[in-house]
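Before any comments, here is the structure.
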Amino acid sequence: MGNSITQKLKYKQSVVKFSLKYGVTKAAIKFEENRRTIYRWREKYDGTLESLKDKSRRPHSNPRAHTEEEIKLIRNYKNNNKKTGLVVLWVKLKKAGYTRSVTSLYRTMIKMGIYNKVPSKKKEWWILSRNDSSRRKSTDRCKICTKEMFK
């Protein structure tokens with residue numbers, strides 16, 4: 001099967017036509033496809049290539065998404081409290097009737113572009129051990145301990 005979308009559709013069409021003529025089991029054996037897949041293609045097929053096209057699985061809307069009122073409330077509070085941190089802002093919004101979690105507020109503010117992601121301050125232990133000669137890797141300490149234990 002080729003990379004082109006139309007080639008994939010033509011392949012599906014040929015499998016469906018073969019299955020209509022000789023049966024699904026023979027088509028499954030010949031084209032090395034699952035019988036259930038061929039039945040699904042046959043249900044979708046109406047004689048055109050467009051009918052065999054894969055449909056999007058993405059939902060059209062999210063029923064639990066933030067409402068316009070909540071977004072307006074977030075924008076107003078963020079504009080009035082520019083220096084306020086995320087948690088303090090969330091507490092103020094909670095008092096005003098906001099019902100979502102802090103993480104939900106964080107994600108929404110990032111999507112809206114009014115809050116920047118904070119990079120992690122966590123440093124890796126091997127970077128510290130390279131920069132500071134007095135620090136050792138944890139594996140070095142274990143080697144020293146085991147050497148002293150078995151003397």
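All values below were derived from every heavy atom in this structure, side-chain atoms included, with hydrogens, water molecules and symmetry-related copies excluded. On a predicted model such as this, the values are computed, not experimentally measured, just so you know.
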Can you tell me if [atom1] on [X] sees more than 12 non-hydrogen neighbours from other groups inside 6.0 Å?
| X | atom1 | answer |
| --- | --- | --- |
| Lys72 | NZ | no |
| Lys10 | NZ | no |
| Lys55 | NZ | yes |
| Lys44 | NZ | yes |

Return the [atom1] to [atom2] distance between [X] and [Y], rounded to the nearest 0.5 Å.
| X | Y | atom1 | atom2 | answer |
| --- | --- | --- | --- | --- |
| Asn81 | Lys92 | CG | NZ | 4.0 Å |
| Ile110 | Asn116 | CD1 | CG | 8.5 Å |
| Ile38 | Phe31 | CD1 | CZ | 8.0 Å |
| Thr48 | Gln13 | OG1 | CD | 8.5 Å |
| Thr6 | Lys53 | OG1 | NZ | 9.5 Å |
| His66 | Leu73 | NE2 | CG | 9.5 Å |

**Message:** Whether the Glu69 and Tyr98 side chains hold a donor-acceptor pair (N or O, under 3.5 Å, no angle test) is what I'd like checked.
**Reply:** no
Backbone of [Y] reached by a side-chain donor or acceptor of [X] within 3.5 Å:
| X | Y | answer |
| --- | --- | --- |
| Ser14 | Tyr11 | yes |
| Thr37 | Glu33 | no |
| Trp90 | Thr103 | no |
| Ser51 | Asp46 | yes |

Provide the closest heavy-atom pair for [X] versus [Y] in the form atom of the first, atom of the second, distance.
| X | Y | result |
| --- | --- | --- |
| Ser19 | Arg42 | OG-CD, 3.2 Å |
| Glu70 | Ala65 | OE1-O, 4.5 Å |
| Arg35 | Ala28 | CG-CB, 3.6 Å |
| Leu49 | Leu9 | CD2-O, 3.5 Å |
| Arg100 | Arg64 | NH1-O, 2.6 Å |
| Ile74 | Met112 | CG2-CE, 4.1 Å |

**Request:** Answer yes when Arg36 and Glu43 have at least one side-chain N-carboxylate O distance shorter than 4.0 Å, and no when they do not.
**Result:** yes
**Asked** Under 4.5 Å between side-chain heavy atoms, hopping through other hydrophobics if needed: is there a path connecting Val88 to Tyr106?
**Response** no
**Prompt:** Is Leu52 reachable from Ile5 through a run of I, L, V, M, F, W or Y residues, each pair having side-chain heavy atoms under 4.5 Å apart?
**Reply:** yes
**Asked** Going through the distances and angles, do Asp54 and Lys12 end up as a side chain to side chain contact (heavy atoms under 4.5 Å, CB included)?
**Response** CA-CA 11 Å; Asp54 290 330; Lys12 287 181 182 182; 2.9 Å; yes
Sub-4.5 Å side-chain heavy-atom contact between [X] and [Y]:
| X | Y | answer |
| --- | --- | --- |
| Ile71 | Lys111 | no |
| Leu86 | Leu105 | yes |
| Lys17 | Tyr45 | yes |

